[in-house]
Amino acid sequence: MSRYEPSQSEAKWQAAWDAAHIFEARRDPAKPKYYVLEMFPYPSGRIHMGHVRNYTMGDVVARYKMSCGFSVLHPMGWDAFGMPAENAAMERGGHPKDWTYGNIADMRGQMKPLGLSIDWSREFATCDPEYYGQQQAMFLDMLDAGLVYRKNAVVNWDPVDMTVLANEQVIDGKGWRSGAQVERKELTQWFFRISDYAGELLDALDRLRDWPEKVRLMQANWIGKSRGLQFAFSTVDAPEGFDRLEVYTTRPDTLMGASFAAISPDHPLARHLERHNPKIADFVAECRRIGTTEEALEKAEKRGMDTGIRVRHPMDEAWELPVYIANFILMDYGTGAIFGCPAHDARDHEFATKYGLPIEPVFAPLEGDYPAGEYVPLKSEAVRYVRGFAGDEVQTGEDAVAAAIAFCEANGIGHGVTNYRLRDWGLSRQRYWGCPIPVVHCATCGVVPEKKENLPVRLPDDVTFDQPGNPLDRHPTWRDCTCPKCGGAARRETDTMDTFVDSSWYYARFTSPHAATPTDAAEADYWMNVDQYIGGIEHAILHLLYSRFFARAMHKTGHLPAKAIEPFDALFTQGMVTHEIYMTRDSQGRPVYHLPEDVENGVLKATGETVEIIPSAKMSKSKKNVVDPMNIIRDFGADTARWFVMSDSPPERDVEWTAAGAEAANKFLARVWRIANDIAEGAGGDAAADLALRKAAHKAIDEITKSIDGFAFNKAVAKIYELANTLSKSAASNEARRETMRVMAQLMGPMVPHLAEDVWALMGGHGFVVQAPWPKADPALLVDDTVVLPIQINGKRRSELTVPKDMPATEVEKLALADETVIKVLAGQPPKKLIVVPGRIINVVI
RNA sequence: GCGGGCGUGGCGAAAUGGUAGACGCAUGGGACUUAAACUCCCUCGGGCGCAAGCCCAUGCCGGUUCGAGUCCGGCCGCCCGCACCA
C-alpha cells in the first residue's frame, strides 16, 4: 500500500486542474451562476493563516457550488496600492512598483500550492495601469455626474507620512498606519458625495438580510441618522454679519433649560473673532492642536472661552445667554453651534459646572427623586415636564422632541432637520503610490478633467523617496502638461486616490477584467451580484460602506446595472486565527518572544529554558505567535492546513492554531487514505451490513450538505469524522464500502480537494471529483424503521423504548406504561399525565 | 454611558423547547513491537455505590413548561462596536 504523500499528489492534481481549465469562469446561459469572492489581499509578500482560512472558506463554497451545477466565478487579485510600498522604498530603497510586483509574485507562489479553485486568468492588481486607468475614467464620469467635488477642508494631517487621513483612519488621535499624532491642516481636497446617499445607504441596510446583523448595525451607527431642530438665535454685541447664530439640536424639548450657547473653534464666528482677539486666537489654536477626531475631542477636558457675545432666547427676547467657544463642539456636525442644557446633558453639565452657568431642570422622573448631576433618561422613557412648552406634561422624550419641533415650526422658530453623522468621503492623498487623480490645473481654465483618450494618467517610474512628502509634487517633468481645454501650459493634479477607491469596485472589474471599459454590460449583468462575500470584520464599516456607495455611483454613471447597487448579496465575516504566545525575559526583565517552531513542551528547544505561555491572541509578527502556512504545507500538505482551519471552531469565531491539532488533521487524512487503499485492495465484505453503511452515508450527505449551506464547516468536518469511523468499522461488502468512500471523497472534496481527487480516482470515479454532481441523499435511507424513545419520568430520563417509527401514540403509551422502570415508579398509581411526542420522547408525570 | 454578542468537561466545541457534552484534542489503560514510532481498541464532567442505579452539573438567582443549555425577567463576568453627534 502506498503512503499518503501530499507533496506529490497535490502538485499533480493542481497541474491537472490547470491543464483542464476547469476553474475558468464562463458565462453559461444553461447554468445558474454563482459568484463567490473573498476580500482580496494586500500584497505584503507572505501569506498567513488568516489568508488560508479566508480563502479556504471561499474555496469550499466555490467547489461545492460547482458540484451543485453552478457556473462559478471565483477570482483573485491584489489590493496593491498603498503606503507600505512607499515605506519600503524609503526604508530599503528600490521602487514601490518593483516591491509590489515582487510581493505579488511571491504571494501568488504561496497561494497556488493551496489548490484553490481560482480563475487565475482574471487576476489583476489595482496598481496595473489597465485597472487604475479605468478607475480614472469612472472618476471623470462621476465628476461629470456631480458625484465628486472639491472643497477646502480641515483635514487630518499625518506629519510622519506627510499625508491626509480620513477621520475613519485616525485611531486614538493617531494615524492608523504611522501611529503619529494627527494635526489639523487646511487643504483643497476631492470628495465623493457619499453623504447624499446617507439616507439610502441606511434604509437599504434592511434589505441586506444575508449580512450579519452586527455589520448592519455598525453601519447604521456610523451613518448616524438623527432628527432635530435647526433654528437661529439673534445675537447681541456680535460683529457685523453675525447677527444670527444657527444652531442644531436633537433635544429641542429642553430649550427652556438652555443656559449658554457654544460654537466650534472652527465656526466662522470663532474664525472671525480670532483675527481680532489674541486671547481667543490663542485658545482656538490650542483647541486645534487636539486634532479633528471625535475621539481626541472626547478625551480632552471640556474647555471654553466666553466671547462676550450674547444671544436672545427664542421664547423670551429679554432672556440672554452667553456664547462660548468650546473645544467639544464639532464643526462638521449640525451647524457647528449648539445651545447647552446642562440639566440633561453630561457634557453641558460638566461645562456649566466649570464655568458657573445656571442648571435648570426641564423635566423630572415620574417616580423617585431628581438625581444628583445631570438627568439623562432614555428618550423612550416617560418623564414629567416642569419647564416644557409643547405636548403633554407627562410624555416620552421622543414625543416631546416631535411636539417641540412642531411647535417651533408653527411659531416660526426654525424647522425640523434630519442630520447624518456620515460625512463626505475625502479621497485625496498626497502620496505617490496610488491612482493619479486625472485632472489638470490650468491658469486660465481652472480645474480641467483630463481627456479620456489620454487615460490612463500613468505614474512616472523615475521617482525617489529620499525625502518625505509626495514625489509627484517635486517631479521635474511629470506634473508639467498642457491643458486639455486651451492647450496652454498646465500642472497635473499631484494627489492620488485613497486606496479604498481601488477596493470599492474590484468585485465589478472581476466580471470583465480585461475589458476596455471599466465593466462590460453583458458580463456584469450575468455575474453580478457577488452571491457570497467573505472577509474580516475589520472591514465592517469603511470598505463595505464605500463599496455600497461606489456601486450606486457606478450605476448612476452607467457602469453597473440597477440590480448591482447592493453589490454583495450575502456577507460572511470570519474569525481570526490565533495562537498562544511564548515569552521569556531578558536580563533587564524585558519580554522576549519566541516562534512556536522554536518551542517544544513549554521549553525553548535551543536552551531548554521554560517559556511563559500567554493565552491565544491574533497571530502577529511582533508577538511572534505566527505559524507560516508554507511550513505546514511543506510538512503536512495543503489539505492538512485546509482541513485544520475548517475544523473545530465555527467559522465566524476565532480558531486557535495548535501544533497538536495540525498533526491530528494530518493523521486523519492519512487514515482516510489508508481506508481507501484498504478498500481498493479488495478487502472485506458481508452484504448483510451494506444497508447500515448506505444509511450512514446518506445521513452524512444530508447533514454535510446542510452544514456547508449554513457555513457550519466545523460541523461538516465532524460528520465526516463520523462517517470515516463508521466506514472503517463496517463489515459491509467491498462494493458498498467503495460506494461510501466515493461519497466521502465528494463530501470532503470542498475542504481537502487533492486527497478527494486521489480517493475518487482510486475508487473508480469518473473525471474530477470537483466536477462530479454533488451526491443527493435518498430520503428513504434517512429514516430508520425503528426509533429509540427515551422515557422520562418527571422530565428525567429513566428508561428507553425501541418501537417501529410509525407506531401510533396510543400504542406507544401502552408500551411505556408496561416498561419495567415505569411500573416500578408508578407503584400501581395511574400517571398524572403521559406525554408522547412521536419519534421523539415519552414523559411520564407522576 | 449606549448598542450588540457570548458564558457548556482539562481544551476547541455539538445539541428544530425533547437522552447535555456529537466530533476532535489532551489524559489514562490495553493490543501490536526486542523496544519505540506508526497503527488499532477501550476509558474519558463531578460525587456516592460491589452492582443495578442514584444525586449534582450548561456563569448566578428566579419564572414559564410535562420537559429549559435553548424561552422570559433580574444579576455577574468577558468580548466587540460606537462614543461627549448636541
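Note that the structure is predicted; figures quoted are calculated from it, not measured.
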J.: Establish, with yes or no, whether the OP1 or OP2 oxygen of B/C55 is under 4.0 angstrom from a side-chain nitrogen or oxygen of A/Arg798.
T.: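 Result: yes.
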J.: Check every strand shown and say whether A/Leu217 touches a base, only sugar-phosphate, or nothing at a heavy-atom separation below 4.0 Å.
T.: sugar-phosphate
J.: Can you identify which nucleotide, out of B/C25, B/A83, B/C80, has its nearest atom closest to the A/Arg421 side chain?
T.: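 Of the candidates, B/A83 comes closest.
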J.: Check the chi torsion on B/G9 and let me know: syn if it falls within 90° of 0, anti if not.
T.: syn
J.: Quantified in whole Å, what is the C1' atom distance between nucleotide B/G47 and nucleotide B/C40?
T.: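 So the two C1' atoms sit 33 Å from each other.
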J.: At 4.0 Å (heavy atoms only), tell me whether A/Lys832 reaches a base, stays on the sugar-phosphate, or touches nothing.
T.: nothing
J.: Can you tell me if A/Arg797 has over 12 outside heavy atoms packed within less than 6.0 Å of its CZ?
T.: yes
J.: Between B/G63 and B/U58, how many Å separate the two P atoms, rounded to a whole number?
T.: 16 Å
J.: What interatomic distance, in whole Å, is found between P of B/U39 and the corresponding atom of B/C25?
T.: 10 Å
J.: Can you say whether a donor on the side chain of A/Asn221 sits under 3.5 Å from an acceptor on the base of B/C82, or the other way round?
T.: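 Side chain to base: no pair present.
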J.: Give me the distance, rounded to whole Å, that separates B/G10 from B/G5 when you measure between the C1' atoms they each carry.
T.: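 That atom pair is separated by 26 Å.
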J.: Do you see a donor-acceptor pair shorter than 3.5 Å between the side chains of A/Asp819 and A/Ser799?
T.: yes
J.: OP1 or OP2 of B/C56 less than 4.0 angstrom from a side-chain nitrogen or oxygen of A/Lys796, does that happen here?
T.: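 Answer is yes, contact under 4.0 Å.
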J.: Whole angstrom is fine here: how far is it from NE2 in A/His267 over to C1' in B/A86?
T.: 13 Å
J.: Using a cut-off of less than 4.0 Å, is there contact between a side-chain N or O of A/Lys729 and OP1 or OP2 of B/C40?
T.: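 Negative; the distance criterion is not met.
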J.: Establish, with yes or no, whether the OP1 or OP2 oxygen of B/G24 is under 4.0 angstrom from a side-chain nitrogen or oxygen of A/Ser647.
T.: no
J.: In whole angstrom, give the distance that lies between atom CD1 of A/Ile405 and atom C1' of B/A86.
T.: 13 Å
J.: Can you say whether the rings of A/Trp643 and A/Phe668 are parallel (under 30°), tilted (30 to 60°) or perpendicular (over 60°)?
T.: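 Rings of A/Trp643 and A/Phe668: parallel, as their planes differ by under 30°.
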J.: Is there a donor N/O on one and an acceptor N/O on the other, under 3.5 Å, for the side chain of A/Arg840 and the base of B/U16?
T.: yes
J.: When both hydrogen-bonding distances must be under 3.5 Å and the geometry is Watson-Crick or G-U wobble, what is B/C2 paired with, if anything?
T.: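 Pair assignment: B/C2 / B/G81.
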J.: Closest to the A/Ile841 side chain: B/A22, B/C66, B/U19?
T.: B/U19
J.: Verify whether the ring centers belonging to A/Phe351 and A/Phe260 lie closer than 6.0 Å.
T.: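 Yes, ring centres under 6.0 Å apart.
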J.: Select base, sugar-phosphate, or nothing to describe what A/Tyr248 touches, counting heavy atoms under 4.0 Å on all strands.
T.: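 Contact class for A/Tyr248: base.
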J.: Can you tell me the distance, in whole Å, between the CG atom of A/Asp345 and the P atom of B/A83?
T.: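 After rounding, the reported distance stands at 17 Å.
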J.: Do A/Arg421 and A/Trp222 form a cation-pi contact, if we require the NZ or CZ to be under 6.0 Å from the six-membered ring centre and within 45 degrees of the ring's axis?
T.: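 Yes, A/Arg421 lies over the aromatic ring of A/Trp222.
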J.: Would you kindly give the CE-to-P distance between A/Met218 and B/A83, to the nearest whole Å?
T.: 10 Å
J.: List the atom of A/His313, the atom of A/Phe233, and the distance in Å for their closest heavy-atom pair.
T.: CA-CE2, 4.4 Å
J.: Whom does B/A20 pair with, Watson-Crick or G-U wobble, provided both distances fall under 3.5 Å?
T.: none
J.: Can you tell me the pairing partner of B/G53 across any strand shown, Watson-Crick or G-U wobble, with both distances under 3.5 angstrom?
T.: B/C48
J.: Quick one: look up who B/U39 pairs with, Watson-Crick or G-U, both distances under 3.5 Å, and put none if it's unpaired.
T.: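 WC or wobble partner is B/A31.
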J.: Please figure out whether A/Tyr420 or A/Glu213 has its closest RNA chain B nucleotide nearer the 5' end.
T.: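 First, find each residue's nearest nucleotide; the 5'-ward one identifies A/Glu213.
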J.: Measuring only the P atom in each nucleotide, how far is B/C44 from B/A52? A whole number of Å is fine.
T.: 13 Å
J.: Could you measure between the two P atoms, the one in B/C60 and the one in B/G69, and give it in whole Å?
T.: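 Here B/C60 and B/G69 have their P atoms 11 Å from each other.
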J.: What integer distance in Å separates A/Phe644:CZ from B/G24:P?
T.: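 Value for this atom pair: 15 Å.
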J.: Looking at B/G62, which nucleotide sits across from it as a Watson-Crick or G-U wobble partner, both distances under 3.5 angstrom, or is there none?
T.: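 Per the H-bond distance test, B/C72.
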J.: For the side chain of A/Thr249, counting heavy atoms from C-beta on, which of B/A86, B/A26, B/A20 is nearest?
T.: B/A86
J.: Between A/Gly304 and A/Tyr355, which heavy-atom pair has the shortest distance, and what is it?
T.: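 Nearest pair, atom of A/Gly304 first, then A/Tyr355: N-OH, 2.9 Å.
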J.: Between B/U70 and B/C80, how far is it from one C1' atom to the other, in whole Å?
T.: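 One C1' to the other, the span is 23 Å.
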J.: Using a cut-off of less than 4.0 Å, is there contact between a side-chain N or O of A/Arg797 and OP1 or OP2 of B/G18?
T.: no
J.: Considering every strand and a 4.0 Å limit on heavy-atom distances, what is the contact class for A/Val845: base, sugar-phosphate, or nothing?
T.: sugar-phosphate
J.: Expressed as a whole number of Å, how far does the C1' atom of B/A26 sit from that of B/C75?
T.: 35 Å
J.: Looking across every strand, which nucleic acid part, if any, lies under 4.0 Å from A/Lys715 by heavy atom: base, sugar-phosphate, or nothing?
T.: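 Touches sugar-phosphate only.
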J.: Base, sugar-phosphate, or nothing: which does A/Arg216 touch, judged by heavy atoms less than 4.0 Å apart?
T.: nothing
J.: To the nearest angstrom, how far is A/Glu703 atom CD from B/U16 atom P?
T.: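 The answer, rounded to whole Å, is 11 Å.
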J.: Using only side-chain N and O atoms of A/Arg653, determine if any of them is under 4.0 Å from OP1 or OP2 of B/G5.
T.: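 Indeed not, no polar side-chain atom of A/Arg653 lies that close.
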J.: Is the A/His539 ring parallel, tilted or perpendicular to the A/His543 ring (thresholds 30°, 60°)?
T.: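 Rings of A/His539 and A/His543: perpendicular, over 60°.
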J.: May I ask you to evaluate whether A/Asn714 reaches the phosphate of B/A14, defined as a side-chain N or O under 4.0 Å from OP1 or OP2?
T.: yes
J.: More 5' along RNA chain B: A/Gly795 or A/Thr250, using each one's nearest nucleotide?
T.: A/Gly795
J.: Any carboxylate oxygen within less than 4.0 angstrom of a Lys/Arg side-chain nitrogen, looking at A/Arg674 and A/Asp678?
T.: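 No, A/Arg674 and A/Asp678 are not salt-bridged.
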J.: Atom CG of A/Asp648 to atom P of B/G12: distance rounded to whole Å?
T.: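 The distance from CG of A/Asp648 to P of B/G12 comes to 10 Å, rounded to the nearest Å.
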J.: Categorize A/Glu722 for me: base, sugar-phosphate, or nothing, with a 4.0 angstrom heavy-atom threshold over every strand shown.
T.: sugar-phosphate
J.: To the nearest Å, how far apart are A/Glu663 CD and B/A37 P?
T.: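 Going from A/Glu663 (CD) to B/A37 (P), I get 14 Å.
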J.: Should A/Asn725 be listed as having a side-chain N or O under 4.0 Å from OP1 or OP2 of B/G24?
T.: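 So the side-chain polar atoms of A/Asn725 do come within 4.0 Å of the phosphate oxygens OP1 or OP2 of B/G24, strictly under.
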